[in-house]
Q: 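Input: one structure, supplied below.
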Amino acid sequence: MNLFNHFREHLLIIIDALVNDGILPVGIDTARIAVEPPRDHSHGDVTTNAALLLAKPACMLPIDIALPLVKRLKALEFVLETEIAGPGFINLTLDKTFWWGRLKEVLEAQVTYGASVIGKKLPVNVEYVSANPTGPLHVGHGRGAVFGDALASLLEKVGFVVTREYYVNDAGAQIETLAHSLHLRYRQALGEETGDVPVGLYPGEYLISAGQKLADVVGDKWKDVPEIQWLEPISKFAISAMMDLIREDLAALGIEHTVFTSERELVKKGGVENALGKLNDRGLIYEGVLNPPKGHKPDDWEPREQTLFKSSDFGDDMDRTIKKYDGSWTYFATDIAYHEDKYQRGFNKMINIWGADHGGYVKRMTSAVRALTQDQGELDVKLCQMVNLMDNGEAVKMSKRAGAFVTLREIIDNVGKDVVRFIMLTRKNDAQLDFDLAGVTEQSRDNPVFYVQYAYARINSVFRHSAASFTQGELSVETLAGAPLERLRDKSELSLIKLMASWPHVVEGAALAHEPHRIAFYLSELATQFHFLWNKGKDDSSMRFILEGDRDLTLARLALIKGVAFVIASGLQIIGVVPLKEMR
RNA sequence: GCGCCCGUAGCUCAGUAGGAUAGAGCACCAGAUUCCUAAUCUGGGGGUCACAAGUUCGAAUCUUGUCGGGCGCACCA
């Protein structure tokens, strides 16, 4: 249960009643009314700005709206106190029985706590990674991968039906370069002296083993034949070898896409003509000459008639080229086809995760989706900023040119997948992220992964200890859900329950905003509150979880921390991290 | 030159669809510690939310401009 939505619904019913009674005018807009946790705990448990928002359209003073609202809110079940504060906020304080009920709810839902149905089973397509199949993934890809995967899980948690998709850019010039690079390694594998890798080809060592593999499979079949004969088959071989590599990297992160869409095949089956034909029918494709870029002109710029898409009709700054000078499609053209393909597959909601260097591309793509779907489809592009790889505070130099850049795989092997996943979500997607190889494995407060895991481990430790005085059956979740929770009356215990009870609200908010990092931040806060309670037991032995001589209270407290464990597990599941029962 | 993103404590960052007195961690100072361990917790100092106007009951949040940083800028992907 999202308790804030719960009270919002009641509030709206009350507002309706006030309209019926003629206290509020008819036709008042309630859409923007918020029912939220207050920033400051001294303001109660639930706050709403209803009176403030309704004041203007109703032509009334906030206080005159707040008073009748409060009168009826007071009558609601679980509402202990009401307050009109500040310029007209209405604050509710809820009864303890309400909070005990929430804890019981956590124990019943277990790790599914926080799940909701607001997604209404609508299909959503989350496309992420989509790295070109020209080599292994690097750190930046890793961030997009984790972000996309966590977002997908988050959307699933709130009831969307999510497809995790990878767009394989297996057409275009970079594939030709790849094929040439592989052909060189293939010749080397067959014993030919080729000298250094020429500039312009991919120098990476990962192609050496692919070249060897190719030699093993086909022998010298493509060695001394003209390029026109080997280019196509070697391209295919190279793409599949590189995709295997990438899939392995992703698997090491625990990521598995459900759909891989090939650009080649899309083009082959006429996807581009189909999509552009559609736009053409709507008069959005034309032959024209673009204005030169303002300010500095590229040296080789010359006015040229091109085939253009009228993206400026949909909010883009200018129209965009869809056909290259040599007559082939631009990347944008195939991307239009790709998004049309997604839409035809039934996805009205599409989310793309891109690197920040593609920022200039967002407007034209959202324009294209609007045009293609006549505003029925919705594309949200999330840009992930750069990751700065550090070691003990010093930047790790990455030289792609030398082919010796640090791969994602090396990092995962070094610090573990769970650490990579969690750390990638400790920043907003559009903020740069420092990834410190030494820092992320440190066992201290400044390492959030450790900190959260440690809370979970401590809880499990308490249960191991309590096994001495309680039976398995007494410690089962089912029994704990029936524990005398009304014994939990300490302020710190109740505030821990309140924090847990806000979990569904956090999940929904994060899902709708497409911001999985909020989950990581919430978990850190929950861990903080738990560690606080833990230490309270050191100051004051009556606050310890296991109390000799008070089995009821002990069971209630075990139920409390069991709930915390479930919420942590629920959150870590979204992030894709396995909770640890022990950290020795 | 144009566009997109960003600018919050000494440092690294949150700030939940405009909400009440702007929050964490690190660092610094002072303390606590029988369950998982000083791997944790408590308290303290520290801010013109880059700057300036505007919108309104109310702005870190929205609009415009200025300054500063990152990314991109026809015919690459």
Q: Among residues at least two apart in sequence or on other chains, which ones pass salt bridge (charged side-chain N to carboxylate O under 4.0 Å, His left out) with A:R427?
A: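 By the salt bridge (charged side-chain N to carboxylate O under 4.0 Å, His left out) rule, A:R427 matches no residue at all.
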Q: From NZ of A:K562 over to P of B:C35, roughly how many Å is that when rounded to an integer?
A: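 Checked: the NZ to P distance equals 20 Å.
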Q: Taking only residues two or more places apart in sequence, or in another chain, which ones meet A:K363 in a salt bridge (charged side-chain N to carboxylate O under 4.0 Å, His left out)?
A: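 Only A:D317 meet the salt bridge (charged side-chain N to carboxylate O under 4.0 Å, His left out) criterion with A:K363.
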Q: What residue pairs, at least two apart or across chains, pass side-chain hydrogen bond (donor to acceptor under 3.5 Å, both in side chains) with a residue in residues 519-528 of chain A?
A: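 Matches after skipping sequence neighbours: A:R445-A:T528, A:Y451-A:T528.
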Q: For a quick check of understanding: with a heavy-atom distance under 4.0 Å over all strands, which category does A:F532 fall into, base, sugar-phosphate or nothing?
A: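 Sugar-phosphate, no base atom in range.
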Q: Please state the P separation for the pair B:U56 and B:U63 - nearest whole angstrom.
A: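 The same atom, P, in both gives a distance of 16 Å.
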Q: Name the nucleic acid region contacted by A:N49, choosing base, sugar-phosphate or nothing; use a 4.0 angstrom heavy-atom cut-off, strictly under.
A: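 Base: the residue A:N49, judged by heavy atoms under 4.0 Å, touches a nucleobase.
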Q: Does A:Y522 have a side-chain nitrogen or oxygen under 4.0 Å from the phosphate oxygens OP1 or OP2 of B:A24?
A: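 No.
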Q: Check this for me: does the side-chain of A:N91 come within 3.5 Å of the base of B:A20 through a donor and an acceptor?
A: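 Answer yes: a donor N or O sits under 3.5 Å from an acceptor.
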Q: Determine whether the side chains of A:Y286 and A:D319 contain a donor N or O and an acceptor N or O closer than 3.5 Å.
A: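 Short answer, yes.
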Q: Take atom CZ of A:F545 and atom C1' of B:U40, then tell me their distance rounded to the nearest Å.
A: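 From A:F545 CZ to B:U40 C1': 12 Å.
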Q: At 4.0 Å (heavy atoms only), tell me whether A:K56 reaches a base, stays on the sugar-phosphate, or touches nothing.
A: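 Here A:K56 touches the backbone only, sparing every base.
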Q: Looking only at atom C1', what distance separates B:U12 and B:A17, rounded to whole Å?
A: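 About 27 Å, rounded to a whole number of Å.
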Q: Could you measure between the two C1' atoms, the one in B:C67 and the one in B:A50, and give it in whole Å?
A: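 Going atom to atom, C1' in each nucleotide, I get 8 Å.
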Q: Rounded to the nearest Å, what distance is computed from the CD atom of residue A:E582 to the P atom of nucleotide B:A39?
A: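 Whole-Å distance recorded here is 18 Å.
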Q: Is there, by distance only and without an angle test, a donor paired with an acceptor across the side chain of A:S524 and the base of B:A24 below 3.5 Å?
A: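 Not at all, since no donor on one side and acceptor on the other fall under 3.5 Å apart.
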Q: Can you list the residues that meet the ring-ring contact (aromatic ring centres under 6.0 Å, His included) rule with A:F521, with sequence neighbours excluded?
A: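 ring-ring contact (aromatic ring centres under 6.0 Å, His included) list for A:F521, sorted by chain: A:H517.
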Q: How would you summarise protein contacts on nucleotides 12-17 of chain B per nucleotide, using B for base, S for sugar-phosphate only and - for none, with heavy-atom distances below 4.0 Å?
A: SSSSB-
Q: I need the CG-P distance between A:N535 and B:U42, as an integer number of Å.
A: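 The answer, rounded to whole Å, is 7 Å.
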Q: Take atom C1' in B:A59 and the same atom in B:G3, then report the distance between them in whole Å.
A: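 Per the computed distance, 26 Å lies between those C1' atoms.
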Q: Taking a pair as Watson-Crick (N1 to N3 plus N6-O4 or O6-N4) or G-U wobble (N1-O2 and O6-N3), both under 3.5 Å, which stems of 3 or more consecutive pairs involve RNA chain B?
A: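 If one scans RNA chain B for consecutive Watson-Crick or G-U pairs, the stems found are B:1-7 with B:67-73, B:10-13 with B:23-26, B:28-32 with B:40-44, B:50-54 with B:62-66.
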